[in-house]
Every structure is written in C-alpha cells, then in structure tokens.
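Working notes, structure below.
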Amino acid sequence: MFEEAQYFAPVATKDDGSVVVELATSHPGFADSVYCQRRNAIAALALAHTPGSPIPTAEYTDEEHHVWALVTRELTAKHQKYAVREFLDAAQRLGLPGDRIPQLQEVGDLLEPLTGFRYLPAAGLVPLREFYGVLADGLFHSTQYIRHHSVPFYTPEPDVIHEVIGHANTLASPRFAALYRAAGRAARRVETDEALEFVSKVFWFTLEFGVMREDGELRAYGAGILSSYGEIEEFRGMDIRPLDLTAMGTTHYDITKYQEVLFEAASFDHLEDTVGAFWDTCDDETINRLLAASPA
Ligand SMILES: [Fe+2]
C-alpha cells in the first residue's frame, strides 16, 4: 500500500521462536554473519519489549560506536551550515553523546524533560496507524540497530543514526514536538487508508524532508535530510516548490533515491499555520476534498 513498507528489512519469527532479520543481498551487512546475528538479537529485544518497561540495552561493537562518532562529527559540522536555527538550538539543549551510540532509554531520559517525548524500540516496520498514532502520546518508534561499519555514510534503511540524530534532536524542540503530536492526532482521527496515507505523505515532505527559508537562505528541518551525509549537501539544488498540502499529500516519492521534489516553508510560522493547522483539524472529508481538487 505504501512505499515505506519496502524501506525496512522484514523481520520474521521462526517456529522455534528465534527472530531473523531478512537483509537484502544488496545490504552492506548481508555477508557479515556477526552483524546479522547482532541485528537478529536487537530485533528480538524490540519484539520482547512491553510498553512502560525500560527499553532493553542493545549491544554494539567498538566499530559501531566509532561509526556513530564519525557520522556525528561530520553531520554536526554540516548542521551549522544547513539546519534551521530551531533544530540547532534543540540539539544543543538535548546534548546527545558524540563519542558513543546512546541507548534509546537514555535518549528518552534526555528528551522527556524537554518536550515529554520518549522512545519505543521497533524491530522494523511499524504499521502506519500505530507509528503515527502514538506520536499523539509523545512516543516515537525507533529502530535500534546501526548501519554496517564498512559504509559509515550510507544506510539503505532507517537506523539509529537517522532516528536519533535526525528525529531526537528535532523532538527536543517544543515547536517541532507539537507538530509531531498534531500529526499523531491526525493519524488517529482519519479512518480510511487513503486519508492516513495523505497525512503520512504530508509528514514525509515536512518532518522527514522539509526545508525552510531562514534569513534568506534555504535550510533543512526534515530528519531525513539532517541525518544524511550526502543529501544534506544536495537539497538546495533540488526542485523546490512552495508548501502545498494537496501537492505534498499526493506527490509520489521514491525512498531509494535522494528526494528530488522538496517543499519550502516560508518560515516556522508558515509551517505551523499551514501543516500544523491541517493536522489539528483534518478528517476524511477534508482530505477527500483536497484529493478531489488535485489536478492529477
Ligand atoms: Fe524518519
């Protein structure tokens, strides 16, 4: 139904109860049996987790902590040049460790006093209604594994670098956190799969891949751009279009490539007044009206 379903490696529970993450043959970690075993163990931890209990600790190797440190250092420098001020201020307040991968429990402990958000471990793809719905409760489903150490600046799937450097830094801002919660309320309010897909596409083109004009410069606030070493250097050259709910809710995207079409908010107020207000009030009927008015 939705492209994001292809984004995550499938997770299977076998008859004997063992959990297996089915990496594609093209995945950089496919032939690394030690990495595959760690992925299986981390997925099993997420599946066994019950809401309200502490998030189990994932084991990482020194090489993996090194990947985090390297990517953090490079992205932090790029953020100064390309990220919106609200993100930079929030990241400073959150104070993620730069030298090691933080546990998701620790991420929640840092975030909660700032905006009330906590993390939940996800083994892989979480159904859309559940993923977005719990945002309304201040909960964020997050993968816990990290990309393969052989290619520190590339991942074919959302990993802990994307989830934490991209999303947790954003969720440390009260203004962004309010938008995430509004998206969650919208996802719970709509009833049809079409309306839910529309809500999630607006999320994709804003909180994942949104850009904003700030002091005359185009800057990024989407977690997908801000966690991507390559994409953060490219977004200013993409097809930049004005913020438009119908266009965002109906534009096709390919998750395997850099986003070629991006939508620009004129300011933070513009984002809140347009997208925040939409999520605050939308229902199946308003989304059907927008779809009916869509030129395509
Ligand atoms: Fe994301």
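Whatever order the structure lists ligands and atoms in, that order sets their numbers, starting from 1.
With salt bridges taken as basic N to acidic carboxylate O contacts below 4.0 Å, none links D32 and R39.
Here the N, O or S atom of H162 that is nearest to the Fe ion (ligand 1) is NE2. Within H167, NE2 is the N, O or S atom that lies nearest to the Fe ion (ligand 1).
Applying the ring pair (Phe, Tyr, Trp, His ring centres under 6.0 Å) definition to pairs two or more places apart or across chains, those involving residues 269-289 are F198-F278.
Residues Y82 and I225 are not in side-chain contact: their nearest non-hydrogen atoms beyond the backbone lie 4.5 Å or more apart.
The local environment of NE2 in H66 is sparse, with at most 12 non-hydrogen atoms from other residues, nucleotides or ligands closer than 6.0 Å.
At least one N/O/S atom of E208, whether from backbone or side chain, sits less than 2.8 Å from the Fe ion (ligand 1).
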